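The structure under discussion appears below in the form of structure tokens.
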Amino acid sequence: MKQRLLFLGPPGAGKGTQAERLCAAHELMHLSTGDLLRTEVGAKTTLGQEAAAVMNRGELVSDELVLAIVENQLKNQSGGWLLDGFPRTLIQATALEPLLEELKQPIEAVVLLELNDAVLIERLISRGRSDDNESVIRNRLEVYREKTAPLIDHYRQQGLLQTVEAHGSIESIAISIEKSLC
Ligand code: B4P
């Protein structure tokens, strides 16, 4: 199976859920920028306090801050990895490329998890995290369309994109993802 992966998709598509399973099954490092940011928020670091306000509005944390976190994690990794929720902007994607070149670790596949808005909103509302109320979710979906969705074409043009329908049981989606990576 491919070993250097990226998960793309709207908030609530199940990137985190599927990434956790896949990484445990194949011993990949799970690098979730959302989780790393929430750890900083929980620890009330300066960075966390800055990020908390932005995340609770459903906006994106600054590219500089997220890039610094990712660079630090990737430099200390020699095995396979899965980037979950990163990159989320073309600036992040463009900055990632020279870093991976320097590390001689190119991306092998990008999995796009696709799901319609009604199901996304329902899933997130029932999760109930602090950034999961309806008006914030709608803003996150808009931010996704404006800033993250352009990455779909970016990776399609590089021949890396695999699209997986993220509707159905967690197990059936996991099987579709595995198939797309063989
Ligand atoms: P993330 O932590 O990345 O979270 P997400 O996109 O909201 O959710 P995900 O798609 O991982 O869904 P999950 O598996 O949890 O981002 C949060 C915030 O962090 C962003 O808004 C932003 O502010 C900041 N951030 C993160 N990365 C950034 C970056 N690179 N740049 C700038 N800012 C950044 O699933 C959602 C729910 O659905 C769960 O409750 C799950 O149990 C459920 N679920 C999953 N699969 C299901 C299924 N098949 N059926 C039913 N329920 C399912």
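For clarity, every value in this text was computed on a predicted model and none was experimentally measured. These values consider heavy atoms only, across backbone and side chains, with no hydrogens, waters or symmetry-generated copies. Each ligand, and each atom within it, is numbered from 1 in the order the structure gives.
- Of the charged side-chain nitrogens involved, at least one lies within less than 4.0 Å of a carboxylate oxygen, so that Arg140 and Asp132 count as a salt-bridged pair.
- If you run side-chain contact (heavy atoms from CB on, under 4.5 Å) between Arg21 and each of His26, Glu171, His30, only Glu171 comes through.
- In terms of protein heavy atoms, atom 20 (C) of ligand 1 is closest to Arg88 NH2, 3.9 Å.
- Residue Gln92 has at least one heavy-atom neighbour below 4.0 Å for each of these atoms of ligand 1: 29 (C), 30 (N), 31 (N), 32 (C).
- Of all protein heavy atoms, the one closest to atom 7 (O) of ligand 1 is Arg140 NH2, 2.4 Å.
- Short contacts between ligand 1 and Gly34, defined as distances under 4.0 Å to a heavy atom of the residue, involve ligand atoms 2 (O), 26 (C), 27 (N).
- The backbone N or O of Arg4 lies less than 3.5 Å from a partner atom in the side chain of Glu108, making a donor-acceptor pair.
- Residue Arg129 touches ligand 1 through its side chain alone, judged by heavy-atom distances below 4.0 Å.
- Between Ile137 and Leu120 there is no side-chain heavy-atom pair separated by less than 4.5 Å.
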> Can you list the steps and then say if Ile177 with Phe7 is a side-chain contact (heavy atoms from CB on, under 4.5 Å)?
Replying inline: CA-CA 10 Å; Ile177 292 174; Phe7 273 6; 4.0 Å; yes
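- Counting only heavy atoms of the protein, atom 19 (O) of ligand 1 lies nearest to Met55 CE, 3.3 Å.
- Taking every heavy atom of Ile173 and a limit of under 4.0 angstrom, the matching atoms of ligand 1 come to 49 (N).
- Of the protein's non-hydrogen atoms, Glu59 O, 3.6 Å is the one closest to atom 22 (C) of ligand 1.
- If you number the atoms of ligand 1 from 1 as listed, the ones under 4.0 Å from a heavy atom of Arg38 come out as 2 (O), 17 (C).
- Taking every non-hydrogen atom of Ala13 and a distance limit under 4.0 Å, the qualifying atoms of ligand 1 come out as 10 (O).
- For Lys15 (side chain) and Gly9 (main-chain N/O), a donor-acceptor pair under 3.5 Å exists by modelled atom type.
- Residues Arg138 and Glu142 are not paired through a salt bridge, judged by the lack of any N-O separation under 4.0 Å between the basic side chain and the carboxylate.
- The main-chain N or O of Met1 is found under 3.5 Å from a side-chain atom of Gln3 such that the two form a donor-acceptor pair.
- Formation of a donor-acceptor pair under 3.5 Å by the Gln92 side chain with backbone atoms of Arg88 is found in this model.
- Of all the atoms in ligand 1, the ones that sit under 4.0 Å from a non-hydrogen atom of Gly16 are 9 (P), 11 (O), 14 (O).
- Every atom of ligand 1 with a heavy atom of Ile170 under 4.0 Å away is listed here by number and element: 46 (N), 47 (C), 48 (C), 49 (N).
- Paired with Asn72 under the rule side-chain contact (heavy atoms from CB on, under 4.5 Å), one option of Leu74, Asn76, Val70 passes, and it is Asn76.
- With respect to atom 42 (O) of ligand 1, the closest heavy atom belonging to the protein is Thr17 OG1, 4.1 Å.
- Counting only heavy atoms of the protein, atom 10 (O) of ligand 1 lies nearest to Lys15 NZ, 2.8 Å.
- Selection from Ala51, Gly12, Ser62, Ala93 by nearest heavy atom to atom 8 (O) of ligand 1 gives Gly12.
- Contacts of Val66 with ligand 1, taken as heavy-atom pairs under 4.0 Å, involve the side chain alone.
- In this comparison of Asp35, Thr33, Leu37, the heavy atom closest to atom 25 (N) of ligand 1 sits on Leu37.
- In terms of protein heavy-atom proximity, atom 33 (N) of ligand 1 is nearest to Val61 N, 3.1 Å.
- Among all non-hydrogen protein atoms, the one lying nearest atom 36 (C) of ligand 1 is Arg127 NH1, 3.6 Å.
- In this structure, Ala166 has no heavy atom closer than 4.0 Å to ligand 1.
- Of all the listed residues (Arg123, Lys147, His167), Arg123 holds the heavy atom that lies closest to atom 46 (N) of ligand 1.
- Close approach to Gly168 involves these atoms of ligand 1, each under 4.0 Å from a residue heavy atom: 48 (C), 49 (N), 50 (N).
- Between the side chains of Trp81 and Gln73, no donor-acceptor pair of N or O atoms lies under 3.5 Å.
- For CD1 of Ile91, the number of neighbouring non-hydrogen atoms (other residues, nucleotides, ligands) closer than 6.0 Å is 12 at most.
- Judged by distance alone, the side chain of Thr33 and the main-chain N or O of Gly85 form a donor-acceptor pair under 3.5 Å.
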